[in-house]
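Just follow the structure's listing: the first ligand is 1, and inside any ligand the first atom is 1. For clarity, every value in this text was computed on a predicted model and none was experimentally measured.
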Amino acid sequence: MSVAVVLVAGGRGTRLGASEPKAFVNLGGVPLLEHAVRRAFEAPETSHVVVVAPASHQREAGAIASRSARPQDVDVVVGGLERTDSVAAGLAALRPDDGIVLVHDAARALAPASLFSRLVHEVRSGHPAVIPGIPVTDTIKAVDASGRVVATPDRATLRAIQTPQAFLREVLEHAHAGADGGATDDAALVERAGGHVRVVDGDPLAFKVTTAADLAAAERALAP
Ligand SMILES: Nc1ccn([C@@H]2O[C@H](COP(=O)(O)OP(=O)(O)OP(=O)(O)O)[C@@H](O)[C@H]2O)c(=O)n1
Ligand SMILES: C[C@](O)(CO)[C@H](O)COP(=O)(O)O
């Protein structure tokens, strides 16, 4: 079964506050998106990458695709208003043979190929939806609109979820067909559709570049 990576890079990056969309910001002289494409192709399982980029940056995304290890295996499409819309645009560009789909944030540019491979292995072992997670180290509280604490969940049961998130194609497509907004990741759509989602160990390098401090951390992670 062929493996496609839907690489969402269609966001603005408001919290980073750069002059260009976050996926096109330089990290060690290379756009975040380019780091992510490189790592996706370093996983031997990857057969096809769909880059979802802002309408304003289709040319730049195309140039990144043409510099990649396998330009013929990259398609570039226009993203949507919300992340879920961008993922849906990526799903619409899948190729007929793509049977397993990994949805990945360009903002998690340093997620290593080994993480992609582990997730694909899990799906091929019979798990239809597999996502990486890191145990949380803070105490997490649920609060209401006034800031009053309504619950303190047992920390041992919590995971901070990363991407790539790996799915059987039909499971992800079915979940997206019923999407009605408000989901911050693709696994949540599968959960809402009644599907089982398995969490496996994440990777510290798969952290999300959200703020300037994260970008500085990514620069440090790249340093020899
Ligand atoms: N309409 C959108 C929104 C987000 N994303 C992508 O989803 C990933 C995770 O989103 P996030 O890190 O929140 O990016 P932004 O939405 O760009 O950030 P911000 O909320 O700070 O504007 C990023 O790779 C981003 O490019 C996307 O493809 N399309
Ligand atoms: C998909 C995700 O990266 C999993 O942690 C995250 O939910 C994206 O959220 P964001 O608000 O778009 O950064």
Side-chain angles (χ1 to χ4, degrees), residues 4-27 30-40 49-58 60-61 64-65 74-93 101-111 115-116 119 129-136 138 140 158-167 172 175-176 179 181-192 197-215 217-218:
V5 177
V6 171
L7 195 41
V8 287
R12 174 68 225 122
T14 314
R15 291 168 286 182
L16 183 62
S19 57
E20 57 195 331
K22 182 165 66 181
F24 299 88
V25 167
N26 274 336
L27 169 62
V30 173
L32 282 171
L33 173 61
E34 192 156 348
H35 285 282
V37 171
R38 278 184 192 170
R39 284 156 180 76
V49 173
V50 181
V51 170
V52 187
S56 59
H57 282 65
Q58 293 291 292
E60 289 84 348
I64 288 170
V74 187
D75 292 308
V76 180
V77 300
V78 179
L81 210 54
E82 305 292 337
R83 183 183 181 280
T84 305
D85 305 318
S86 291
V87 176
L91 294 183
V101 182
L102 273 62
V103 182
H104 187 37
D105 295 336
R108 296 184 188 270
L110 301 184
L115 179 58
F116 289 70
L119 291 159
V130 187
I131 63 177
I134 299 274
V136 298
D138 292 320
I140 307 290
L158 300 175
R159 299 290 180 274
I161 297 303
Q162 304 174 322
T163 71
Q165 300 190 346
F167 306 92
L172 184 59
H176 266 265
T184 54
D185 73 349
D186 299 282
L189 297 176
V190 173
E191 293 154 36
R192 287 179 197 173
V197 178
R198 173 176 165 80
V199 178
V200 297
D201 287 344
D203 191 301
L205 279 175
F207 67 93
K208 184 153 68 70
V209 173
T210 305
T211 63
D214 298 325
L215 189 60

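Atom 17 (O) of ligand 1 has its nearest heavy-atom neighbour, among Gly17, Gly13, Ala106, in Gly13. Taking only non-hydrogen atoms, the option from Ala107, Gly80, Ala36 nearest to atom 1 (N) of ligand 1 is Gly80. Nearest to atom 7 (O) of ligand 1 by heavy-atom distance, out of Arg12, Arg83, Lys22, is Arg83.
Heavy-atom proximity to Ser86, at under 4.0 Å, picks out these atoms of ligand 1: 1 (N), 2 (C), 27 (C), 28 (O), 29 (N). Of all atoms in ligand 1, numbered sequentially from 1 with element shown, those under 4.0 Å from a heavy atom of Ala9 are 26 (O), 28 (O). Per-residue contacts place Leu81 under 4.0 angstrom from the following atoms of ligand 1 (heavy atoms of the residue considered): 1 (N). Using a 4.0 Å cut-off to heavy atoms of Asp105, the atoms of ligand 1 that qualify are 7 (O), 8 (C), 9 (C), 24 (O). With ligand atoms numbered from 1 in the order given, ligand 1 contributes 1 (N), 2 (C) to contacts under 4.0 Å with heavy atoms of Glu82.
Annotation: side chain of Val6 is in contact with side chain of Val101 (closest heavy-atom distance under 4.5 Å).
Protein heavy atom nearest atom 28 (O) of ligand 1, with residue, atom name and distance: Gly10 N, 2.7 Å. Taking atom 5 (N) of ligand 1 as the reference point, the nearest protein heavy-atom neighbour is Gly11 N, 3.4 Å. Of all protein heavy atoms, the one lying nearest to atom 22 (O) of ligand 1 is Thr14 N, 2.7 Å. Of all protein heavy atoms, the one lying nearest to atom 24 (O) of ligand 1 is Val8 O, 2.8 Å. Residue, atom and distance of the protein heavy atom nearest to atom 13 (O) of ligand 2 are Lys208 NZ, 2.5 Å. Remark: minimum distance from atom 20 (O) of ligand 1 to any protein heavy atom is reached at Arg15 NH2, 3.0 Å.
For ligand 2, the polar-atom distance check finds an N/O of Thr184 within less than 3.5 Å of one of the ligand's N/O atoms. Below 3.5 Å of separation, one finds no N or O of Leu16 facing any N or O of ligand 1.
Using cut-offs of 30° and 60° for the angle between ring planes, the Phe24 and His57 rings count as tilted.
Asp185 and Arg83 are not joined by a salt bridge, as no carboxylate oxygen comes within less than 4.0 angstrom of a charged side-chain nitrogen.
Heavy atoms of other residues, nucleotides or ligands lying less than 6.0 angstrom from CD of Glu82 number 12 at most.
Using a 4.0 angstrom heavy-atom cutoff, Arg15 counts as in contact with ligand 2.
No side-chain N or O of Gln162 forms a donor-acceptor pair with one of Asp203 less than 3.5 Å apart.
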